[in-house]
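Everything below concerns the one structure shown next.
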Amino acid sequence: MNKVTTLNQFIIEQQANVPQATGGFSSLLHHIGIAAKKINREVNKAGLVDILGRAGTENVQGEDQQKLDVYANETFIAELKASGECCGVASEENQDVVVFEGEMSRDAKYIICMDPLDGSSNIDVNVSIGTIFSVYRRKSPVGSVATLEDFLQPGCDQVAAGYVIYGSSTMLVYTTGNGVNGFTLDTSIGEFCLSHPNVKSPAQGKIYSINEGNYEKFPAGVKKYIKYCQEEDKETKRPYTSRYIGSLVADFHRNLLKGGVFMYPPTNSHPTGKLRLLYECNPIAFIAEQAGGLATDGGKRILEIRPETIHQRVPFYTGAKDMTGKVMEFLKTFE
């Protein structure tokens with residue numbers, strides 16, 4: 001019988017490899033796992049209770065909030081505060097950063113940036129949705145209240161990043177800069193169990209993911225790349241397959257495992273892109289690179305961009321190394 005490694009066991013084993021570890025970071029990841037389980041429970045019964053549908057408010061992006069969005073946001077904030085290891089949170093759902101002012105939280109060493117429920121427009125049609133999170137060490141002095149500068153760090157300063165995908169099964173995928181590991185929730189025991197150790201993304205795949213309904217609004221290089229994907233070429237095994245779900249987590253997760261490229265370029269209506277740097281692009285980029293892939297805004301490495309605001313948007317291209325590199329070639333050639 002194969003040994004089952006739970007998320008908590010894995011965290012403890014990894015902690016043992018870091019002599020200076022105090023257990024604080026491990027506790028933080030444990031509480032993230034708890035929040036994910038709670039949200040998974042509500043996602044699974046969303047059609048049976050009054051938690052599905054719109055909450056009647058908009059988030060700071062001007063997007064209608066779903067009731068499940070609100071629940072996910074409140075659940076993660078509550079768990080992160082309870083951990084005692086987090087001094088503040090930047091969330092897609094909040095205009096400003098949320099700082100925890102209790103004595104225990106002031107002594108915490110970490111801040112979190114998160115999209116508590118990515119792909120929320122898919123909630124009421126039962127399509128995969130997810131949570132994205134990013135962990136940084138605070139810059140402000142321990143013992144004080146977190147400041148905005150704690151959150152405006154480039155992605156290369158992340159100490160961990162991950163996502164949870166709520167689909168046919170629920171998975172938590174994360175990295176601490178030493179590879180990518182995936183855990184599937186076993187509902188019979190209520191534990192995330194290691195199912196995808198040391199994930200490596202294929203350098204070349206056959207899937208391209210983009211909302212082709214916006215084709216006329218795309219930059220010339222993106223249009224040319226799409227046509228390249230659609231052309232027949234036996235040597236490069238084209239045409240490629242177009243797959244787009246409309247949930248960053250779901251699209252990226254599929255491409256991570258199977259090999260593909262995800263693209264969200266600038267458009268006329270969103271000239272700087274639509275995805276948020278801090279809590280969408282940075283964590284996904286960290287995972288992509290740790291799995292052997294690339295992540296770029298079309299010219300610059302995502303993880304090297306220094307954010308100016310917590311809700312800053314950027315163009316985003318990520319996935320298999322060779323495919324993402326080819327996208328960059330087209331963008332440079334046809335800029």
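Bear in mind that the values here come from a model prediction, so they are computed numbers and not experimental data. These numbers come from the heavy atoms of this one structure, side chains and all, not from hydrogens, waters or symmetry mates.
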Distance, nearest 0.5 Å, that separates CD of Glu216 from NZ of Lys223: 5.0 Å
Pairing residues for Phe100 by the ring pair (Phe, Tyr, Trp, His ring centres under 6.0 Å) criterion, not counting sequence neighbours: none
Side-chain donor-acceptor contact under 3.5 Å, Thr147 with Arg138: no
Run the side-chain donor-acceptor check on residues 81-90: report pairs under 3.5 Å with partners two or more places apart or on a different chain.
unit_1, atom_1, unit_2, atom_2, d
Ser83, OG, Leu80, O, 2.7
Ser83, OG, Glu85, N, 3.1

Heavy-atom side-chain contact between Asp69 and Asn73 under 4.5 Å: no
Heavy-atom closest pair, residues Lys321 and Leu294: O-CD1, 3.5 Å
Flag, side chain of Asp251 to backbone of Ile245, donor-acceptor distance under 3.5 Å: yes
By ring pair (Phe, Tyr, Trp, His ring centres under 6.0 Å) - contacts of His31 (at least two apart): none
Minimum-distance pair of heavy atoms, taken over all atoms of Lys139 and Asp150: N-OD1, 2.6 Å
Backbone N/O of Thr236 and side chain of Asp233: donor-acceptor pair under 3.5 Å: yes
Thr267 and Asn214 side chains, donor-acceptor separation under 3.5 Å: no
Distance, nearest 0.5 Å, that separates CG of Leu29 from CG of Asn8: 9.5 Å
Co-membership, hydrophobic cluster, residues Leu172 and Leu28, 4.5 Å side-chain: yes
Check: Leu256 main-chain N/O paired with Ser201 side-chain donor or acceptor under 3.5 Å: yes
Side-chain donor-acceptor pair present, Asn181, Asn198, cut-off under 3.5 Å: no
Main-chain N/O of Glu101 paired to Ser105 side chain as donor or acceptor, under 3.5 Å: no
Pair Ser134-Asn282, side-chain donor/acceptor within less than 3.5 Å: no
Student check: side-chain heavy atoms of Tyr174 and Gln290 closer than 4.5 Å: no
Pair Lys332 + Glu329, salt bridge at N-O below 4.0 Å: no
Gap between atom CD1 of Ile34 and atom NZ of Lys37 - 0.5 Å precision: 6.5 Å
Side-chain (Glu280) to main-chain (Arg276) donor-acceptor, under 3.5 angstrom: yes
Contact check, side chains of Ile132 and Val249, non-hydrogen atoms, under 4.5 Å: yes
cation_pi(Lys224, Phe334) dist<6.0 Å, angle<=45: yes
Pairwise side-chain contact, Leu248 with Tyr163, heavy-atom cut-off 4.5 Å (strictly under): no
Interatomic spacing from SG in Cys193 to CD in Gln9 - rounded to 0.5 Å: 8.0 Å
N/O donor-acceptor pair under 3.5 Å between Thr187 side chain and Gly190 backbone: no
Glu13/Lys3 ion pair, N-O < 4.0 Å: yes
ring-ring contact (aromatic ring centres under 6.0 Å, His included), paired with Tyr110, selected from Phe25, Tyr136, Phe151, Phe133: Phe25
Side-chain touch Met114/Pro116, heavy atoms, less than 4.5 angstrom: yes
Check: Ser91/Asp115 side-chain N/O donor and acceptor closer than 3.5 Å: no
Side chain Gln14, main chain Ile11, donor-acceptor under 3.5 Å: no
Residue pair Tyr208 / Thr241, side-chain donor-acceptor N/O under 3.5 Å: no
side-chain contact (heavy atoms from CB on, under 4.5 Å) between Tyr317 and Ile302, intermediate numbers included: CA-CA 9 Å; Tyr317 308 88; Ile302 287 291; over 6 Å; no
Smallest separation among heavy atoms of Tyr215 and Ile226, with atom names: CD1-CD1, 3.9 Å
Verify same cluster id: Ile287, Val199 (apolar side-chain graph, 4.5 Å): yes
Check: Asp186 side chain, Ser188 main-chain N or O, donor-acceptor pair, under 3.5 Å: yes
Derivation of the side-chain contact (heavy atoms from CB on, under 4.5 Å) call for Ile39 and Tyr71: CA-CA 8 Å; Ile39 295 167; Tyr71 174 82; 4.3 Å; yes
Non-hydrogen atoms of Leu278 and Pro283 that approach each other most closely: O-CD, 3.4 Å
Distance-minimising heavy-atom pair for Pro265 and Val222: CB-CG2, 3.9 Å
Arg254 (side chain) donor-acceptor with Gly259 (main chain) under 3.5 angstrom: no
hydrophobic_cluster_shared for Phe183 and Val164, side chain cutoff 4.5 Å: yes
Matching residue for Tyr166 among Asn44, Thr131, Asp118 - test: side-chain hydrogen bond (donor to acceptor under 3.5 Å, both in side chains): Thr131
From CA spacing to verdict: side-chain contact (heavy atoms from CB on, under 4.5 Å), Val261, Val327: CA-CA 9 Å; Val261 61; Val327 174; 4.1 Å; yes
Side-chain donor-acceptor pair present, Tyr279, His311, cut-off under 3.5 Å: yes
Within one Ile-Leu-Val-Met-Phe-Trp-Tyr cluster: Met328 and Met263, side-chain cutoff 4.5 Å: no
Evaluation steps, side-chain contact (heavy atoms from CB on, under 4.5 Å), between Val314 and Leu275: CA-CA 6 Å; Val314 292; Leu275 297 180; 5.8 Å; no
Any Val173 side-chain heavy atom under 4.5 Å of His196 side chain: no
Heavy-atom side-chain contact between Ile165 and Phe252 under 4.5 Å: no
Positive for side-chain contact (heavy atoms from CB on, under 4.5 Å) with Thr296, one of Leu331, Leu303, Thr318, Thr324: Thr324
Asp297 side-chain N/O to Pro315 backbone N/O, donor-acceptor pair under 3.5 Å: no
Shortest non-hydrogen contact from Gly143 toward Asp107: CA-OD1, 3.5 Å
Steps toward ring pair (Phe, Tyr, Trp, His ring centres under 6.0 Å) verdict (Tyr225, Phe330): CA-CA 6 Å; Tyr225 179 74; Phe330 273 87; 5.7 Å; yes
Any side-chain donor near an acceptor of the partner, Thr176 and Asn178, under 3.5 Å: no
Stepwise side chain to side chain donor-acceptor pair (under 3.5 Å) test for Ser140 and Glu149: CA-CA 8 Å; Ser140 57; Glu149 294 307 310; over 6 Å; no
Flag side-chain contact, heavy atom, 4.5 Å: Tyr240 against Gln230: no
